[in-house]
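All remarks here apply to the structure that follows.
For clarity, every value in this text was computed on a predicted model and none was experimentally measured.
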Amino acid sequence: MGQETTSPFIVDVLELRDTSFQVGYKTGLILKGKPVLTALGGMVKPEIDIFSMQDIFSAYAPHLLEELQGLAEALNLSFEKAAALLSGYDLPKVDAMGCSAILTKDYYVRNYDFSSILYDGIFSMIQAKGSYSSAGYNLQAIGRHDGVNEHGLVAGLHFVSNEGHTKGLCAWSSLRIVLDTCSSLEEAVHLLKEIPHAACYNFSISDGSGNLAVVEAGPERVLVRTDEEYLTCVNHFQHDDLSEKNRPQLDGSKKRDLEMHRLQKKGMSHEDMAAYFANRNSPLFFKDYSDLFGTLHTFSYSWSNKRLITSVAQSNDALDIDFGDWVRGTNIDRKQLYGMIEENASES
């Protein structure tokens, strides 16, 4: 018989208005004390083709090379070791993640589901020269699970499969480049059609003009789904031409998709939808952390009032801010987000 176990879940809030090097350095100091570094060290390759990695970042986001240099210094690593550990280039295959997102003309809401073992536990708000101001959850230090930038461009990633896995850039580094360099959906789609993708991912993207899209991206091909009013995004491709790239078992992904289409009829507000996604009793909230499918955070944004609402698993205190004010220089008074990881454990 199983018993329920709970443990505290804490995410650091990092506000940085600095150079890209200092962003990397200060992020590295926070990462130093986190177990995710050990987990990443056991996952990545000891060496990568540093010149190919530099070519990609130089072409699309040269400031991230400076951020990697700052990370290397803070972590007492050579630049080459830091790049292999944190750049997101030429990673081995990563197992399934689950993510659900709703995109409307008014707001964007999503949950990120995976394991806390490979979770940075950092929510970064960054304003640095050479990139757009942004806020989002870190993944592998420089990457992002999801986020929003100063132009109201919002994006999140959704794992599909490792079909055709190849040497290329991981989705979370690609998403960071999108947030840092794109001001519109059109620019984001163009960029995602150029970046060399390592695996198959969906990118859910909305912009401040009310444009909505899901970019279905893989190493061989990138296609786009759009709608003028309402889109959902989960963990499978919906274009027939890409269906062979999906994993064999899609029941869970399709069930979450149906639930979010059901929600369309309810006409829920941004605040209510964010609360629904974050509710531990919601059919979109999961506690299967040991099976790489537990909800770790909810991220949402509304364009009309530039309101960012986010919370970590089972939190009673969401971060709710005017992101427009933050971009204009108003700091927030939060250093951490507190929640709880709760799952069933088997008795021996």
Side-chain angles (χ1 to χ4, degrees), residues 11 88 94 96-104 106-114 118-120 122-125 132 134-140 142-149 151-160 169-182 184-185 187-189 191-192 195 197 199-208 211-217 222 224-227 230-238 253 256-257 260 263 270 273-274 276-278 284-286 293 295-303 308-313 319 323:
V11 171
V94 180
M97 306 172 190
C99 311
S100 308
I102 281 177
L103 302 77
T104 79
D106 299 316
Y107 56 77
Y108 174 104
V109 182
R110 96 175 208 117
N111 275 357
Y112 175 73
D113 310 308
F114 194 47
L118 284 172
Y119 189 73
D120 286 22
I122 299 175
F123 181 77
S124 290
M125 304 182 71
Y132 295 137
S134 67
Y137 285 90
N138 295 45
L139 176 51
Q140 209 176 0
I142 68 168
R144 294 292 183 270
H145 297 280
D146 35 47
V148 60
N149 71 18
H151 294 284
L153 184 75
V154 184
L157 60 82
H158 308 248
F159 176 76
V160 173
L169 203 60
C170 68
W172 41 100
S173 292
S174 298
L175 193 142
R176 172 70 185 283
I177 295 172
V178 165
L179 291 173
D180 282 7
T181 67
C182 298
S184 67
L185 174 64
E187 290 180 5
V189 170
L191 180 62
L192 289 170
I195 288 177
H197 300 285
C200 295
Y201 275 81
N202 284 323
F203 295 87
S204 51
I205 308 174
S206 309
D207 68 17
N211 299 307
L212 320 174
V214 172
V215 179
E216 301 187 346
V222 177
V224 183
R225 287 195 290 121
T226 61
D227 192 277
Y230 191 92
L231 274 175
T232 62
C233 186
V234 280
N235 300 99
H236 62 277
F237 289 150
Q238 295 190 26
S253 185
R256 284 180 282 123
D257 198 42
M260 290 189 292
L263 294 174
H270 169 219
M273 188 68 81
Y276 183 81
F277 269 61
L284 298 174
F285 189 102
F286 297 90
F293 208 93
T295 300
L296 295 169
H297 68 248
T298 300
F299 177 87
S300 71
Y301 186 77
S302 168
W303 288 276
L308 188 164
I309 304 175
T310 187
S311 60
V312 299
L319 176 64
F323 184 61

Evaluate Met260 against Phe277 for side-chain contact (heavy atoms from CB on, under 4.5 Å), listing each step before the verdict.
CA-CA 10 Å; Met260 290 189 292; Phe277 269 61; 3.8 Å; yes

What's the verdict on side chain to side chain donor-acceptor pair (under 3.5 Å) for Ser100 and Asn111, showing C-alpha distance, side-chain angles and the deciding distance?
CA-CA 5 Å; Ser100 308; Asn111 275 357; over 6 Å; no

Before giving the answer on side chain to side chain donor-acceptor pair (under 3.5 Å), spell out for Arg256 and Asn235 the whole-Å C-alpha distance, their side-chain angles and the decisive distance to 0.1 Å.
CA-CA 9 Å; Arg256 284 180 282 123; Asn235 300 99; 2.9 Å; yes

Passes side-chain contact (heavy atoms from CB on, under 4.5 Å), Leu169 versus Ile177? Steps please.
CA-CA 11 Å; Leu169 203 60; Ile177 295 172; 3.9 Å; yes

Kindly indicate, with the supporting measurements, whether the criterion side-chain contact (heavy atoms from CB on, under 4.5 Å) is fulfilled by His297 and Val11.
CA-CA 10 Å; His297 68 248; Val11 171; over 6 Å; no

I would like to know whether Leu231 and Arg225 meet side-chain contact (heavy atoms from CB on, under 4.5 Å); could you show each step before the answer?
CA-CA 9 Å; Leu231 274 175; Arg225 287 195 290 121; 3.8 Å; yes

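Here the closest non-hydrogen pair linking Cys182 and Glu187 is CA-OE1, 3.4 Å. Contact record, Phe293 with Gly98: CE1-CA, 3.3 Å, taken as the closest heavy-atom pair. When all heavy atoms are compared, the tightest approach of Phe123 to Ala135 is CZ-CB, 4.0 Å. Here the closest heavy-atom approach between residue Cys170 and residue Gln140 is recorded as SG-OE1, 4.3 Å.
No side-chain N or O of Asn138 forms a donor-acceptor pair with one of Arg176 less than 3.5 Å apart. Of the N and O atoms on the side chains of Ser184 and Asp207, not one donor lies less than 3.5 Å from an acceptor on the other residue.
Contact of the Leu212 side chain with the Thr226 side chain is not registered, since no non-hydrogen atoms from C-beta on lie closer than 4.5 Å. Counting heavy atoms from C-beta on, the side chains of Leu192 and Ile205 come closer than 4.5 Å. Using a 4.5 Å heavy-atom cutoff, the side chains of Val222 and Val215 are in contact. In this structure the side chain of Val214 never reaches within 4.5 angstrom of the side chain of Val224, judged on heavy atoms. A 4.5 Å side-chain heavy-atom check between Ile102 and Leu263 finds at least one atom pair inside the cut-off. Using a 4.5 Å heavy-atom cutoff, the side chains of Val178 and Leu153 are in contact. You'll find the side chain of Tyr132 stays beyond 4.5 Å of the side chain of Leu179, heavy atoms only. Between Leu157 and Asn202, the closest side-chain pair of non-hydrogen atoms is not below 4.5 Å.
Here the straight-line distance linking atom CG of Leu175 with atom OG of Ser134 works out to 10.0 Å at 0.5 Å rounding. In this structure, Asn211 CG and Asp227 CG are separated by 11.5 Å, a value rounded to the nearest 0.5 Å. Tyr137 contributes atom OH, which lies 8.0 Å from atom CZ of Phe299 (distance to the nearest 0.5 angstrom). Interatomic distance, Met273 CE to Leu284 CG, rounded to the nearest 0.5 Å: 9.0 Å. Separation of atoms OG1 (Thr310) and CG (Leu319) is listed at 6.5 Å; rounding is to 0.5 Å. Note: Ser173 OG to Arg144 CZ = 10.0 Å, rounded to the nearest 0.5 Å.
The side chain to side chain donor-acceptor pair (under 3.5 Å) test with Tyr108 singles out one residue from Ser302, Ser204, Ser300, Ser206, and that residue is Ser204.
Between the side chain of Trp303 and the backbone N or O of Gly152, at least one donor-acceptor pair lies under 3.5 Å. Glu216 places a side-chain N or O within donor-acceptor distance of the main-chain N or O of Gln238, the cut-off being under 3.5 Å. With Asn149 contributing its side chain and His151 its backbone, the two residues share a donor-acceptor pair below 3.5 Å.
Remark: aromatic rings of His158 and Phe203 are distant, center separation not under 6.0 Å.
By the 30° and 60° cut-offs, the orientation of the rings of Trp172 relative to Tyr201 is perpendicular. Under the 30°/60° scheme for interplanar angles, the aromatic rings of Tyr112 and His145 are found to be tilted.
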